[in-house]
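Source: prediction; values computed, not measured.
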2 protein chains.
Amino acid sequence: MNRLNYKHLYYFWRIATTGNLTAAAEQLHVSQSALSMQLKQLEHQLNVQLFTREARSLSLTREGAKILEYAEEIFSAGEALEQFIASGFDADRIHLNIGVLTNLSRNFIEKFVGPLLAQDKITFTLHTQSMEQLLENLANHELDLALTNLLPPQLPGKTKWQSQLVSRQQLAIIGPEDCEAQKQPFPTGFAKYHWILPKQGTEIRNIFDTLCSSEQFKPQILAEADDMAMLRLLTRDSGALSVLPPVVVQDEIANHHLKVIQPLPHAYEHFYAITLQHKRQNPGVRTLFTLSP
Amino acid sequence: MNRLNYKHLYYFWRIATTGNLTAAAEQLHVSQSALSMQLKQLEHQLNVQLFTREARSLSLTREGAKILEYAEEIFSAGEALEQFIASGFDADRIHLNIGVLTNLSRNFIEKFVGPLLAQDKITFTLHTQSMEQLLENLANHELDLALTNLLPPQLPGKTKWQSQLVSRQQLAIIGPEDCEAQKQPFPTGFAKYHWILPKQGTEIRNIFDTLCSSEQFKPQILAEADDMAMLRLLTRDSGALSVLPPVVVQDEIANHHLKVIQPLPHAYEHFYAITLQHKRQNPGVRTLFTLSP
DNA sequence: ACAACTTACGTGGAGCGTAATCATC
DNA sequence: GATGATTACGCTCCACGTAAGTTGT
């Protein structure tokens, strides 16, 4: 009469929520064979088939789905406990681990998380990471939330993400304060300027490139970067034009070092908050969504 | 950044609810040193003092008590899961493990648990055991409920029991159907009879002995037993008198082999249902209490 | 002295990784 | 052939028991 093995059950929970043994193994930093064995042992001890091994993927059986409900209850309580311990034994005090894509505008991030600073019961840590790291750490349950300007890929058989559009920033052509104001709409009169642009492949660049090619415009590109903080500095110090959401250079605009030369119609950068769907959503995440504009 | 060790947490839960490391070690069938080490490791990993080691016993710290609440939530869900699996994946179907003291009247037990037979969603297993076994298996969480005619000892620093009086049976002098009816109250006219009595030390015997000595009566004892089923047979086949709750020999009374010669005033046998206090009380136990008279 | 917890130390096996294998797309 | 699950096999370290140590009544 052996007792339930919670380690096995935890693995089962992670496999089931990930929907994929290989991905779960990566997230848990164990080999796929080890996971497979532990899962098999759980099934043997409970004397239940948890997954049907069909095709080359696992899908929950009826029994597995029911057991998953209990596992959800158990391990979401467990995560709440971890939260509670991490927050120094103050039940109301919440700590959020927020991941941000390295190349996002710091000003934008601050705008988004700023409201939390007023909440003295909520603290947070910002982790700037690549998209791959963000997704891995969300899956790991080491991040509560990730901020990106790209939707994550929804691969079949991989972890499912819950993405929420949290902001839409209109793009604009930014230039030095002393740049002659362009009354004419882009691209008329812009041929003589140099450009600092987001790197190829970024959303902003794609939008701008599309615009350029439809207008038969060939910008003289002085420099490229994928990091908004870097673009901000380059734009400030180069005297060239750039295409950015004004929030990136809001300080320079306020200081009259830079100005918005012309907003681009129908051109927006999108910001997404990505989470795992979770039965017991982190209350800090909820308040963040309600607080943010 | 290591994850919560649920095995350690489980041990902590059991130690905390038992209130005593040695007793918990016995229940869990591990050595006390092993438990001590695992507990220490949990404290080290969480970086929290869970118990204050004062005197020669453990008492929960403030933090320990809070963590215990989470552990309760986690492991009562875990036990519900075990129940669910044991009951063949039918959430409403409940299986009860009921322990009964070996020497209790089988008729009484049947009266108590009988109502469950009509509940087709509830099944049960009866385990007849000694008092020590009952208490150990309750502590083990291998029994949901124990039926006894004795209150369990409440030792300080040991597991706390929750006892509920479920029945009170009046004792009576039982004898053969053809025994001349005794109109006179005991002990007048009873000197010539032999007796079959519950063993010394049982509640019934204590009551009867007290009565005898206050009445200066010395019964001629033919045989003793502690098992009610045995007493029933001895009483039926010996032709002697006995002191029992009539329920023990209800069939023989109905068959006119035996009869109640005289109820004893103020003499009762008591029956108790013993459980562990538990946040999420087994729903089967609750219905049993509501069903039983 | 005894009862309860802690520390020391050696051991077995559960859990793991590597690598080979099977199966499906 | 690539991807994903299972099987085979050996190793490592963690949880365990025995036994000695510590502490408080």
### Message
Tell me whether the side-chain N/O atoms of His8(B) come closer than 4.0 Å to OP1 or OP2 in dA15(D).
### Response
yes

### Summary
To the nearest angstrom, the CG-P distance between Leu39(A) and dA5(D) comes to 10 Å

### Query
Which whole-number value in Å describes the distance from Gln49(A) CD to dT6(D) C1'?
13 Å

### Message
Starting the side chain at C-beta, find the nucleotide from dG4(D), dT6(D), dC5(C) nearest to Leu21(A).
### Response
dT6(D)

### Task
Round to the nearest Å and state the distance from Leu42(B) atom CG to dC14(D) atom P.
16 Å

### Task
Starting at atom CD of Glu26(A), determine the distance to atom P of dG4(D), rounded to an integer number of angstrom.
9 Å

### Message
Let me check the geometry of the helix from dA1(C)-dT25(D) to dC25(C)-dG1(D). What is the bend angle between the axes at its two ends, five pairs each, to 10°?
### Response
20°

### Query
Among Glu132(A), Gln27(A), Gln129(A), which one satisfies side-chain hydrogen bond (donor to acceptor under 3.5 Å, both in side chains) with Asn137(A)?
Gln129(A)

### Query
Among pairs that include at least one residue of residues 128-151 of chain B, which meet ring pair (Phe, Tyr, Trp, His ring centres under 6.0 Å), considering only residues two or more places apart or in two chains?
Trp13(B)-His141(B), His141(B)-His278(B)

### Task
Starting at atom CD of Glu43(B), determine the distance to atom P of dT7(C), rounded to an integer number of angstrom.
11 Å

### Message
Over all strands shown, is Tyr11(B) touching base, sugar-phosphate only, or nothing at heavy-atom distances under 4.0 angstrom?
### Response
sugar-phosphate

### Query
Where the side chain of Met37(A) is concerned, which of dA15(D), dT7(D), dT6(C) is the nearest nucleotide?
dT7(D)

### Query
Taking only N and O in the side chain of Lys40(B), is any of them less than 4.0 Å away from OP1 or OP2 of dT7(C)?
yes

### Message
For Ser59(B), is there any backbone N or O sitting under 3.5 Å from a side-chain donor or acceptor partner on Thr52(B)?
### Response
yes

### Query
Among all residues two or more places apart in sequence or in another chain, which pass the salt bridge (charged side-chain N to carboxylate O under 4.0 Å, His left out) test with Glu43(B)?
Arg53(B)

### Task
Ignoring backbone atoms, establish whether Ser36(B) has a side-chain N or O less than 4.0 Å from OP1 or OP2 of dT6(C).
yes

### Message
dT6(D), OP1 or OP2 - any side-chain N/O from Arg53(A) closer than 4.0 Å?
### Response
yes

#### Entry: Rounded interatomic separation in angstrom, taking CD1 from Ile15(A) and P from dT6(D)
9 Å

### Task
Please check the phosphate of dA14(C) (OP1 and OP2 only) for any side-chain N or O of Lys7(B) closer than 4.0 Å.
no

#### Entry: For Tyr268(B), ring-ring contact (aromatic ring centres under 6.0 Å, His included) partners two or more places apart
none

#### Entry: With sequence neighbours excluded, residues passing side-chain hydrogen bond (donor to acceptor under 3.5 Å, both in side chains) with Asn47(B)
none

### Task
Salt-bridge test for Lys199(A) and Asp227(A): reply yes if a basic N is under 4.0 Å from a carboxylate O, no otherwise.
no

### Contacts of type ring-ring contact (aromatic ring centres under 6.0 Å, His included), residue Phe12(A), not counting sequence neighbours
Phe51(A)

### Message
Measure CG/Leu35(B) against P/dC5(C) and give the value in whole Å, please.
### Response
10 Å

### Task
May I ask you to list the residues of residues 27-34 of chain A, by number, that have any heavy atom positioned under 4.0 Å from an atom of DNA chain C?
His29(A), Val30(A), Ser31(A), Ser33(A), Ala34(A)

### Summary
Residue pairs passing the ring pair (Phe, Tyr, Trp, His ring centres under 6.0 Å) test with at least one member in residues 79-98 of chain A, sequence neighbours excluded, are Phe84(A)-Phe89(A), Phe84(A)-Tyr70(B)

### Query
What residues form a salt bridge (charged side-chain N to carboxylate O under 4.0 Å, His left out) with Glu224(B), not counting sequence neighbours?
Arg205(B)

#### Entry: Distance below 4.0 Å between Asn5(A) side-chain N/O and dG15(C) OP1 or OP2
yes

### Message
Measure OH/Tyr10(B) against P/dC16(D) and give the value in whole Å, please.
### Response
12 Å

### Task
Please state whether the phosphate of dC14(D), meaning OP1 or OP2, lies under 4.0 angstrom from any side-chain nitrogen or oxygen of Gln41(B).
no

